[in-house]
Each structure stands twice: as structure tokens, then as C-alpha cells.
Amino acid sequence: MITTLLSGLALGAVYTLVAVGYNLTWLTTRTVNFAQGGFMVAGTFLTVWCQHRGYPIALTLLFLAAAGATVAAVEFTFAIRPILNRSDHTELVTTVGVLTVIQGVILLLSKEDVLRVRFFGSSRELLDVLGGKVSPAEIWLIFLAVVISLSTHWWTRHTRLGLAASGLSDDREAAMLLGVNTGRFSYVAFMASGALGFALGPFVGPKTFAVVALAALLSIKGFVVLAVGGVGSNLGALVGGLAVGCIEVFVARNLESTWQNGAVFLVFISVMLLRPQGLFGEQRERVV
Amino acid sequence: MNVRPVTRHRLAAITLASVALVSACGGSGNDANKSSSVPLRVLFVGGLTGPLSTTAIAVERGAKASVEHLNSQGGVKGRKIEFTSKDDQSDPTRAVTLLQGELTGNAKPDLVIAGVGSNEALAMAPLLARNKVVGIASAVSPKLNDPGLYPYFFSEAFPASDQVKAAAVYLEGLGNVKKVALVAPSDALGDGTAANFAAAFTGGTIATQVFRFPTDAVDFTPILQKTAAYKPDWIYMEGSGAQAPILLASREKAGATGIKTIAGATASSQPLLKLGKGQQLTNLYATLTPNAAYIEPAKRNEEFNAFFAAIRSQGALATSPYVYSVGWDNISIWAKALARVEGDVTGEKVKTAMESEPAKASSAQFPVYSGQYSTTNHMHGGHPEDFTFAQLQEYKDDMLVIKPE
Amino acid sequence: MAASTGSPVAAHGLLRWFRVPLWVILTATLALTPKLGLSPSASRQLLLIALLSLVVSGLNLSFGFTGELSFAQPAMYAIGAYSTVIVSMHFVNDVLVCMVVAIAAGLLLGLLSGIPGLRLGGWVLAISSLYLVLLVPDVVSATKEYTGGFQGIGGIPLPRMFGHELGTDAFLAVVIVATAAWFALFRNLVVSSFGDSLAVLRESPILASSLGISVYATKLKVYAISGAPAAMAGAFFGYLDGFVAPETFGISLAIVVLAASILGGSRSVYGAFAGAALLQLGPMQSTAFGDYAFIAYGVFLILAGVLLRRGLVGVWDGLLEKRRARSPKAPVHIALTAADAELPPVNGQRLSVAGVSKKFGGVAALTDVTFDVNPGEIVALIGPNGSGKTTLLNIISGYYKLDEGAVHLGDTAISRLSTHRVARAGIARTFQTPSVPALSVRAAVGSSRSRLNRASLIETMLRLPRYRRAVASDRNSVDAVLAAVGLSAAADTPAQSLPLGTRRMLELARSLAGQPGVLLLDEVASGLDDEEIEELSRIVRAVRSQGGAVLLVEHNFPLVRSLADRVVVLSRGEVVVVAAPDEVAQHPEVLEHYLGQPSVAPTSEAGTPS
């Protein structure tokens with residue numbers, strides 16, 4: 001029971017962290033960056049690379065964040081900025097393109113499809129928490145998901161910079177009039193989402209292994225969590241992510257594992273029928 | 001009612017574009033007259049990228065090594081062999097498109113290695129029959145072993161049904177096994193394994209239950225908890241790609257490492273010793289295919305040494321040498337049949353020669369399997385003894401050393 | 001009409017006559033390509049492009065033309081393929097039968113999945129359609145006996161038609177003819193008054209429902225239809241290699257279809273074909289990139305997405321526009337021409353508002369409001385801001401439901417009807433901010449006629465006589481109204497290029513073209529100059545003299561005095577007085593209110609036309 005719950009929370013934490021990445025770029029540019037799952041998977045592979053070279057964890061994290069920020073900046077420059085003012089969902093094509101490129105580069109550089117990612121922390125294999133078994137990496141994942149989503153949630157709601165950043169998505173022109181440098185803000189947001197995605201590699205990897213095929217899966221699950229929680233809300237991402245993770249494992253444990261997707265879909269539709277804007281999304285009134 | 005001039009322009013544009021397309025694609029080449037100086041053509045169509053890429057790349061490398069080996073010995077019947085490969089990303093429709101393109105090109109292939117997945121082979125086999133080109137693959141689906149429907153298709157594989165049967169024979173032989181649980185993915189591999197599992201244990205004394213996990217999950221802990229709650233004496237678990245290591249990790253978290261567990265042939269083709277750690281490998285029995293378990297240097301025959309030297313020369317191995325040896329076999333079985341053909345080489349003659357291959361010598365490491373093709377059997381297969389079930393100790397010469405019980 | 005707009009249109013006029021023959025020649029050419037020397041592998045590519053283009057065209061219809069993003073196309077494709085599997089292996093092996101069964105199944109799946117998904121639309125539809133695709137393998141696995149489960153099913157017989165086995169070439173011909181037929185139907189569907197109502201819907205669902213277009217039903221129809229071509233393609237795919245496995249119908253296909261749609265140009269008919277060709281032929285070349293294949297595909301998606309604005313079709317249009325820009329052309333004269341034409345008779349109906357009350361969260365917005373508007377009469381509704389004018393208008397139009405009372409149009413109670421039904425009953429309205437779709441002026445005005453003599457979608461797609469008659473009658477009525485309001489010269493200009501004053505005229509014309517029982521005009525004079533107000537007054541008076549019933553909500557009291565027969569004065573949600581304008585002008589409460597708003601009263605007293 002506790003083992004199952006902790007597994008679900010850790011799984012949900014991964015989804016949450018993908019959704020937080022989505023929100024960062026959504027809030028500033030109104031684009032859904034489908035490469036987000038790719039960032040995370042690239043991070044897991046790079047973690048293995050760093051471990052091979054025996055880098056300490058601090059250096060590994062720094063390196064990953066720098067790599068992520070660079071990749072995201074390149075993505076923004078070539079795949080997002082040129083299409084920023086279009087309203088025809090072109091970003092779905094270009095960001096899927098970026099996701100494909102990331103997968104292609106990993107396949108090119110890594111000989112193996114699946115790699116084990118060692119956890120940097122204690123050498124103990126599993127911990128006993130409340131009578132359940134959980135790996136240290138999973139505890140970290142849950143902790144990080146809570147801290148990152150809540151702090152960014154607070155930041156976007158209660159700081160001038162955060163409000164300005166999230167204000168960008170409502171009306172780029174108004175933000176420009178207010179003197180906010182929208183171009184730089186968008187850049188920074190993308191780089192932050194890239195740095196976040198990559199730097200999570202050492203924490204996600206020990207749970208999921210480094211697997212190329214995981215990238216698309218994480219992007220899709222994160223997308224569902226984003227909608228359930230409410231687009232733009234990191235608090236929603238946290239609640240939605242943990243809920244989806246727990247539903248998946250409990251359905252698999254107590255019912256039929258193949259119903260996982262169906263169960264998540266049912267919850268999704270129910271939430272949407274009751275609150276179309278998502279659990280913590282903001283209702284925007286239509287003006288007649 | 002309203003004017004849409006642009007639409008009409010578009011129509012005109014499409015017309016022009018289509019006509020251009022037709023003229024560009026028109027004019028297929030004629031078949032060149034073959035003489036002994038013309039090289040033999042081998043075509044590999046498989047998922048060099050995509051979900052089965054590790055296996056496909058290994059099979060392709062094994063085949064390529066075999067071709068180079070044969071060419072270094074002067075080719076077959078005095079003709080050199082040319083090797084081409086096409087990437088179908090494990091998509092059957094794309095595989096057929098690529099094959100179609102090669103079959104209508106200037107030089108028809110003499111042998112087609114039809115992918116590594118059963119779906120690719122099932123899609124390509126009818127086209128091979130229509131064009132009378134011999135195809136061979138490592139696909140395990142028993143549906144492919146149908147010489148009436150697919151007369152030109154041969155499989156160098158131990159049918160999936162026999163793989164599970166071998167495990168059943170092993171478990172029955174232990175004498176004290178009452179309950180066995182199967183843990184398998186919800187996909188084609190899992191469906192096949194589950195069906196074979198049911199067939200293998202029917203009529204025996206062992207009770208069974210099946211536990212399936214969704215392919216898009218990243219944590220199978222709840223499924224293994226459920227499996228452990230069934231309290232089986234043994235678990236048989238199967239999974240491809242990342243599923244295998246996730247199964248190992250989940251097994252530990254679910255507290256199921258006390259239950260003896262067989263990893264199926266597909267799961268065992270993963271580098272389990274590298275992907276699992278410590279506790280996760282306790283009580284884990286791998287399915288060892290021929291050429292995967294360590295062979296003493298003294299017991300390796302000449303062909304095996306040539307094989308090993310050839311695949312090593314292409315770089316470090318990414319998976320078990322067994323997978324490479326299947327690719328090697330694909331070529332060498334065909335080349336041996338070709339050598340038995342008299343006069344001009346035609347698809348029909350090669351097919352007939354393949355069907356009359358001699359039995360495998362008991363000391364031989366090749367062909368991988370001990371079975372024999374005939375007019376009614378186009379799948380190599382073999383005997384349950386071709387497989388070994390054992391705990392693993394270490395890698396040696398890229399092969400797996402068995403832990404003594 | 002062709003001659004009036006200059007030389008490019010003359011060429012189009014020529015093309016118009018040759019459209020059908022051209023279409024037939026094109027289809028025949030493509031269908032017979034193998035006979036013309038196309039190699040088998042190239043004809044297979046052609047066939048795969050045709051199949052993909054069918055699937056993509058379904059997405060274009062729902063995504064491009066109604067704005068609803070859906071990933072469900074692979075599921076529709078799958079249901080078509082498995083229709084062929086089941087029908088050909090267990091019942092009858094005939095391509096046409098399989099096609100029909102597949103199309104029926106595709107329509108049904110579209111309908112069933114669209115009912116919940118479209119209620120919410122947007123993200124919800126996108127994600128729920130994604131799940132529909134994720135569930136394909138599970139459904140296939142559950143029906144293993146017929147579908148072969150995850151492992152796929154082989155042994156599907158070679159296609160037959162009317163008892164004859166189809167060879168590869170004949171099969172290609174069947175696929176090409178069917179594809180061409182669908183594209184003709186698709187084109188006929190979107191280049192029609194129905195297509196115009198889709199443009200209205202995209203512009204504003206509120207506008208659409210005020211014109212009698214049911215937003216939900218229209219989207220659902222389109223969504224269901226969008227399943228048909230994909231299912232038909234699936235039926236062919238089932239026969240293609242005699243082997244079908246569920247992995248074909250996955251997320252990666254959904255992405256290919258979306259990419260093809262966007263790259264070809266989502267809001268276009270033939271863009272689907274262009275996009276499909278690009279996505280079929282482009283990645284097939286990726287083998288040439290060897291180990292870099294994945295990267296090459298990704299770079300291709302990025303470059304194509306960035307460079308192809310509005311898709312390949314957009315590039316083509318761009319070239320056309322450049323050519324047009326070079327050819328000298330007189331600027332469009334959109335000033336109103338002095339209209340000499342008579343407004344056609346308006347068959348007005350009596351609107352009666354009886355005892356209407358409405359509360360918002362306990363606050364009374366309207367209390368016991370009662371008045372009538374009769375045919376041949378202009379009634380003005382005035383009152384200060386917040387007096388409930390707009391609320392009342394929204395209740396009459398059906399945007400709000402009233403708490404008590406009733407609204408009747410003629411003998412029909414309309415107060416419980418949804419917005420589009422109210423409009424269909426005969427209530428037409430204009431908006432404070434004119435709402436104008438991306439159509440020509442003529443089509444925008446004609447969009448209000450969707451409530452009248454509609455031809456069915458089948459009749460529209462096949463251009464049956466009833467549709468042709470409807471088009472002719474629409475055109476006559478619209479042209480008559482355009483002439484009456486002086487917009488004839490601007491009939492072919494894009495409606496969105498019009499200035500505000502002309503847009504108000506367009507809204508008025510749109511309302512009139514729908515032959516409404518009652519015309520609701522909401523602040524129709526705001527932002528207009530004196531000349532334009534004069535023109536507007538002339539038309540509103542003409543509506544009255546032709547028998548129309550007009551309810552005018554207006555701040556401009558001089559205009560009210562000059563136009564209205566009776567004035568209803570609202571204050572804090574209650575009717576203060578109903579009387580003739582001059583009488584109302586003397587009413588103490590009105591004086592108080594309007595004198596309290598200096599911007600209106602003093603100037604207007606001075607500027608009152610006699």
C-alpha cells in the first residue's frame with residue numbers, strides 16, 4: 001500500500017515536472033513546447049555520461065543546466081521565435097521536430113537504447129518509509145516536484161517579475177507597452193525550462209532509466225497533467241501530476257493494469273466537464 | 001456562390017504538379033541479364049532506427065560480417081556479394097514500400113533479409129512470393145511458417161511457442177513447481193508469450209496466471225506486487241527494450257526478489273547484468289540462446305571464430321553475440337543453399353535448395369538452431385535443449401558465464 | 001459578375017467552365033499512371049500519398065475549417081482498416097462494400113467521440129482524441145478473434161470488385177478515383193454557403209448562433225464527416241499489403257497527419273494532398289541520411305514549419321498575390337453608393353415582451369418588463385448605463401434565460417429557446433462592435449440565410465438541383481439587399497477590409513437578408529459620422545415602411561426622436577414609461593437622466609433634426 005502510494009507519487013512527480021516546464025514557456029510565449037519530455041530524457045543520458053567521467057554531482061548539475069539552457073535557447077531561436085506571432089499551432093510541428101532531433105542526437109551518440117542511471121546519493125538500494133519501499137531518487141523526485149512547482153507558483157503570483165512574466169502570455173503588446181522586454185523574457189523562460197528539464201536527469205534517470213522512447217511518452221503525459229491541473233498553473237501541475245501518477249499505479253495494483261489509460265481519461269473528462277479550465281486554471285470570461 | 005478564385009488556381013497547380021510527378025517517376029528500368037560476373041545482391045530491410053533498432057543493427061552487422069567473410073573467400077559460386085540496407089523504422093508499410101522499390105529497380109535482390117520483427121516479415125512475405133525472391137528473417141511468429149502461403153520466406157528463429165515450451169519443460173523437470181506466474185507486456189510480444197504460455201502449460205501439473213503491464217508505463221511495481229500476492233513458485237517475465245530493466249527494478253521494490261524468476265528470451269537479450277544491480281539480480285534466471293552462453297575457446301569451431309573476429313572488427317558489441325549470429329546465419333544458410341544450386345541461380349532453385357538442407361552437425365555452432373528446413377517447414381526451430389536457463393555471473397568475451405548452482 | 005472584377009477573374013471564369021473536365025482528366029491521368037509507365041514502386045508511393053491525403057483532409061476539415069484541433073484521425077483510419085479486415089474475411093470481399101462499411105463506421109466513431117469532446121472543445125478535444133488513439137491497441141486486443149490483436153492479422157484476401165480480382169494497377173485506379181471523388185465533395189462542401197457558415201463560426205461562435213447557426217451541431221457534423229475520408233483510406237489500407245497491425249495507427253501517425261495538415265495548409269482543400277506528398281516522400285528519403293535519419297526528419301519538420309507559413313498552399317497563394325500586386329488595379333471603392341433600389345418587402349412579426357424579470361446573483365437586473373413591437377413600427381429602448389437594455393436584448397436573443405415572464409415572436413414562445421433557435425425563429429440582431437467574418441461582403445451578408453431553405457449537406461456536396469436553387473435564390477435576395485443598402489459595389493471585397501461605418505451597414509444588410517420577423521439594433525449609430533447616420537436612418541425607415549418590426553437600443557436621443565414611433569424608457573431594470581418620442585422627451589424622469597448625461601442631452605437638443 002505505502003510502496004504503491006510512494007511509487008505513484010514519484011511517477012506523478014515526473015509528470016508534474018514536465019508540466020512545470022510546459023508552463024514556463026506557455027506563460028511567456030503561449031506555445032506548448034513538445035520537446036519538454038526530450039529535455040528530461042537528454043538529461044538522463046548526459047547524467048550517465050557525466051557519471052562515466054566521475055564528475056561530482058554539483059558539477060554534473062551545473063553542466064546539465066548549462067547544456068539544457070543552450071539547447072532550449074537554440075530551439076527558441078530557430079523553432080519558436082520565427083513563428084511566435086502565428087496562431088495556427090505551427091509550434092506543434094516545430095517542437096515535435098526539436099523532440100525528434102534530440103532523440104536522433106541521443107541515438108547517434110549513445111550505442112545502447114537503455115542505460116541504467118546510478119543515483120548520486122547514498123549507496124543504499126531501497127529505503128523503508130512508513131513500512132513501504134522507496135528508492136532515494138523517488139523521495140528526491142517528490143521533494144523536487146513539490147518545491148519547484150510551489151515556489152514557481154508563488155513566484156508567478158506574488159512577485160513583480162513573475163506577474164510581468166505571466167502577464168506576457170495574456171497580451172504581448174500590453175506587456176511591451178509596460179516596458180517589459182518580451183523578447184528577452186521569452187528567451188530566459190525557454191532557457192529556464194531547458195535547464196530545468198536537463199538538470200532533472202540525475203533524479204528522473206534512476207527511476208525511469210535512460211530510454212529514448214520515453215521522451216514522447218513524458219511529453220504526452222505532461223500535456224494531460226497540464227490540462228487537468230489548469231494551463232498556466234504550477235500548483236495545478238503539482239496536484240494534477242500527483243493525482244495522475246497515483247491513479248495509474250492504484251488502478252494497476254487493484255484493478256487491471258491495461259485500464260490505466262482509460263482510468264486517467266475518465267478522470268480527465270470528469271474534471272473537464274466540471275471545470276473546463278482545469279483544477280487551478282483561471283476562467284476567462286468571454287465578452288459578448 | 002461567392003468567388004473563390006484561389007481554389008481554382010490551386011486545382012490547376014495540382015494538375016501540373018501531378019503531371020510532373022508522373023513524368024518524373026515514369027520509366028522503370030529493365031532487368032539486366034545476369035551472368036557470373038554480376039554480383040549477387042543481398043538486401044536488408046529493417047528497423048535500423050526506431051523501437052527495435054538495437055536488434056536490427058546487430059542482425060545487420062552480423063549479416064554484413066558474413067558477406068565480407070564470404071567475399072574474402074572469393075564469394076559464392078565465383079560471384080561477389082553486394083550488401084545494401086534500408087531502414088523501415090519497424091513500420092511494415094514502409095518496409096513494403098522500400099522492398100517494392102528495390103524489386104523494381106535495375107538489379108533485383110537475390111536475397112532479402114526481411115526485418116527483425118514479425119510484422120515486417122508478415123507484410124513483406126507475400127511480395128517476396130509474388131516476385132520469387134528468397135527472403136529470410138529472425139521473426140518468431142509461427143504464422144510465418146506457412147510454405148503454402150509464403151513459399152519464398154524462411155525464418156531463422158526458434159519459434160516463440162517453442163521458447164516458452166522450453167521453459168515449461170525446464171520447470172516441469174524441477175519437479176517441485178506448482179504455480180507459475182507470467183508477467184508480460186500488453187503488446188504483440190506479450191500476446192504471443194501469453195498464448196504460448198497457456199499452450200505450454202496446458203495438460204501439465206503446474207497452475208498458471210497471467211499478469212500484463214501496459215507498454216507505456218515507467219513503473220511496474222504495482223503489477224509485480226499483484227504477481228507476488230499470487231504467491232507463485234516461479235515467475236516467467238518477458239519484456240523488450242526498457243521494459244526488461246524496469247521489470248528488474250520493480251521486482252525489487254515489490255519485494256518479489258525471493259521468488260525465482262525466469263527472464264524470457266527477449267528480456268534476456270538485454271544486457272541484464274549491466275542494467276540490473278545487487279538485489280535485483282537475485283534468483284533471476286536468464287533464457288540463454290545458443291551462442292549467448294560462454295563457449296570455451298577450445299570448443300569454438302572455425303566458423304564461430306571467423307564470426308567473432310568479423311563482428312568484433314566492426315566495434316564493440318551492443319547486445320548478445322547471439323543476435324549477431326542470427327544475422328550471420330541468415331547469409332550463411334542462403335549461401336550454402338546457393339552453393340548447392342546447379343547452373344543459373346534463380347529464386348526458385350535457391351528456395352528448393354534451402355528446403356533440402358542437411359542436418360546440423362552436433363559439434364557445429366552454426367546454424368544457431370538445430371532444426372532443419374523442408375518443403376513443409378520453413379522455420380529453423382530446434383529442440384528445448386537449445387536453450388539454457390541459468391543465473392548469470394559475468395560477461396566473458398561478450399558471452400555470459402553461468403553462475404554455478 | 002466575372003467580368004466586373006478585372007482580368008484575373010476572367011481567367012477564373014474560363015477555369016470555372018473547365019473545372020469538371022480538368023478534374024476528370026487529372027483523375028484519369030493519375031489513375032492510369034501505371035499504364036503510362038510509372039514504376040510499381042512509384043505507383044505505390046502515389047497510392048500511399050492518396051491514402052495519407054485522405055486522412056489529412058479529414059483533419060483539415062475539422063481543424064482548418066472549424067478550428068477544432070483533434071488527433072483522432074489514426075483511430076478513424078484504424079476503424080476503416082479493420083472494417084476491411086472483418087468484412088472481406090468474414091462476409092464479402094468487395095472493395096466497395098468495405099468502403100461503405102468503413103465510411104459508416106468512421107462517421108459513427110466521429111459522431112460518438114465528437115459528442116463529449118466537442119461539448120468542451122479546445123484542449124479537451126485535443127487530449128481526448130489523443131486518448132482515442134491510445135485506446136486503439138486495447139480495443140484491437142479486446143476483439144482479438146476478428147482483428148488479430150496486437151500481433152496483427154494477415155491473410156486478408158486480394159481486393160475484388162463486382163467479383164473481379166483487382167490487380168495492383170486496378171486497385172490504384174480505384175483508390176485514385178475514390179480520392180478524387182472525396183476531394184471534389186470536400187471542395188464542394190467548403191466552397192458553399194455551409195463553408196461560409198464555418199467561416200462565421202471561426203470568427204465568432206456568438207455571431208454564428210445569432211445567425212441561426214448551431215455551433216455545436218455544425219461542429220459535430222463537420223467532425224463526424226471528417227472521420228469518413230480517413231475511414232475510407234483505412235478500408236484501402238486494409239487491402240494494401242494483406243496485413244494490418246495496430247501499431248500503424250499510433251501517435252506517430254497522428255503527428256505525421258498533423259504535420260502534413262499544417263505544412264500543406266490546414267485551411268485548404270488541396271493543401272491536404274500537398275502536405276501528404278511532402279510527408280510521404282520527404283521522410284522516405286531519410287534512409288539516405290543513414291544514422292542521421294532521425295535528425296534529418298526533425299530538421300525537416302522545423303524548417304518546413306518555420307518556412308511554410310500557411311503551408312504549401314500559402315506559398316502558392318503568396319506567389320499569386322505577388323503577381324496580382326504587379327498587375328495594375330483600381331482601388332476598391334467601398335464608399336456607399338446612393339442606393340436607388342427599393343428594399344424588398346419585410347415580413348415583420350409582432351414581438352411581445354411580457355412581465356420579464358431577471359436576477360443576477362440576487363440583484364434584479366430586470367423587473368416585470370412589458371412592451372410590444374409591431375410590424376411596421378420602430379420601437380426604441382433607452383435608458384442610462386446599467387438600466388438593463390443590453391440584458392433585455394440578450395434575453396430576447398436567447399443568450400440569457402429569463403427568470404419570469406415570456407417573450408413571444410408572433411405566436412411562438414421564444415424565451416426558452418437557445419440562441420440559434422431564437423435566430424431561426426426570426427430574430428435578427430446587430431452588435432455594438434460589428435462582428436465580421438473573413439468572407440466577401442456578399443457571402444458575409446448571405447450567411448444570415450442559413451436559417452432559410454437550407455439544402456442538406458449531401459445536396460451541397462453533390463451540387464444537387466435543390467442546392468443550386470437555394471444558391472440562386474440566396475444570391476438574388478442578397479443582391480437585392482446589397483443594392484438597397486448601397487453595398488453592391490463592394491459585394492466582392494473582403495468584408496474585413498471595410499471601415500466601421502460600412503461594417504455597420506453590412507451587419508444591417510446581413511440581418512435583413514435573413515428575412516427576420518424582428519430586427520434588434522444594438523447601438524447601431526455609435527462611431528458613425530452624420531452622413532452615415534443619415535444613410536442608416538434612411539434604411540431603418542425603409543425597413544419600417546416595408547413592414548419590418550425594429551427594436552432599437554440607442555444612446556443617441558436625437559436619432560431616437562427622428563426614428564422611433566414609440567420609446568420604452570428603462571431605469572434600474574424597470575419600465576419608466578412607454579410613449580411617443582416627443583412625449584418621452586418631456587417626461588421628468590427622462591429629462592433628469594439625460595440631463596445628468598451632458599454629453600447627450602444638450603448637444604442633442606441643439607442638433608435635433610426637425
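Chain naming here is simple, since letters A, B, ... match the order of the sequence lines and numbering starts at 1 in each. Bear in mind the structure is a predicted one, so any value in this text is a computation, not a measurement.
Chain A forms more heavy-atom pairs under 4.5 Å with one residue of B/Leu275, B/Thr54, B/Ile223, B/Leu224 than with any other, namely B/Leu275. Highest contact tally toward chain B, considering only A/Leu217, A/Asn254, A/Val14, A/Val251, is held by A/Leu217 [criterion: heavy-atom pairs under 4.5 Å]. Ranked by heavy-atom pairs shorter than 4.5 Å toward chain A, the options B/Gln279, B/Arg212, B/Lys277 are led by B/Lys277.
Geometrically, B/Lys274 engages B/Tyr395 in a cation-pi contact defined by less than 6.0 Å to the ring centre and at most 45° from the axis.
Using modelled atom types, one side-chain atom of B/Asp187 and one backbone atom of B/Gly190 make a donor-acceptor pair closer than 3.5 Å.
Heavy-atom distances place the side chain of B/Thr221, and not its backbone, under 4.5 Å from chain A. A/Ala252 touches chain B through backbone and side chain together, each having a heavy atom under 4.5 Å away. Contacts of A/Glu248 with chain B are absent, with no heavy-atom separation under 4.5 Å from either backbone or side chain. Contacts between A/Leu214 and chain B at a heavy-atom distance below 4.5 Å involve the side chain alone, from C-beta outward. Both the backbone and the side chain of A/Val249 come within contact range of chain B, with heavy atoms under 4.5 Å apart.
A/Tyr55 and A/Trp49 have perpendicular rings, their planes meeting at more than 60° on a 0 to 90° scale where under 30° would count as parallel. Below 30°, between 30° and 60°, or above 60°: for B/Phe307 and B/Trp328 the angle between ring planes is above 60°, a perpendicular geometry.
With no hydrogens or angles considered, a side-chain donor-acceptor pair links B/Glu60 and B/Ser85 at under 3.5 Å. In summary, the side chains of B/Asp219 and A/Ser7 do present a donor paired with an acceptor at a separation below 3.5 Å, with no hydrogens or angles considered. In the model, B/Gln225 has a side-chain atom that pairs as donor or acceptor with a side-chain atom of A/Thr4 under 3.5 Å.
Within residues 259-272 of chain B, the residues having any heavy atom under 4.5 Å from a heavy atom of chain A are, by residue number, B/Gln270. Interface with chain A: from residues 241-249 of chain B, residues B/Gly241, B/Ala242, B/Pro245, B/Ile246, B/Ala249 qualify, criterion being any non-hydrogen pair under 4.5 Å. Proximity to chain B at a heavy-atom threshold of 4.5 Å picks out A/Lys207, A/Thr208 from residues 200-208 of chain A, in numerical order.
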Show, in sequence, the C-alpha distance, side-chain angles and deciding distance for A/Phe39 and A/Val18, and conclude whether the side-chain contact (heavy atoms from CB on, under 4.5 Å) test is met.
CA-CA 9 Å; A/Phe39 289 170; A/Val18 177; over 6 Å; no
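B/Tyr236 contributes atom OH, which lies 13.5 Å from atom OG1 of B/Thr208 (distance to the nearest 0.5 angstrom). With values rounded to the nearest 0.5 angstrom, A/Ile2 atom CD1 is found 14.0 Å from A/Lys133 atom NZ.
B/Phe308 places a side-chain heavy atom less than 4.5 Å from the side chain of B/Met399. Side-chain contact check for B/Leu284 versus B/Leu392: every heavy-atom pair is 4.5 Å or farther apart. At a threshold of 4.5 Å between non-hydrogen side-chain atoms, the residues B/Val180 and B/Phe197 count as touching. Contact of the A/Cys246 side chain with the A/Leu5 side chain is registered, since non-hydrogen atoms from C-beta on lie closer than 4.5 Å.
Taking B/Arg312 as the reference, B/Asp398 meet the salt bridge (Lys or Arg N to Asp or Glu O under 4.0 Å) condition, with sequence neighbours excluded.
A distance below 6.0 Å separates the ring centres of A/Phe223 and A/Phe34.
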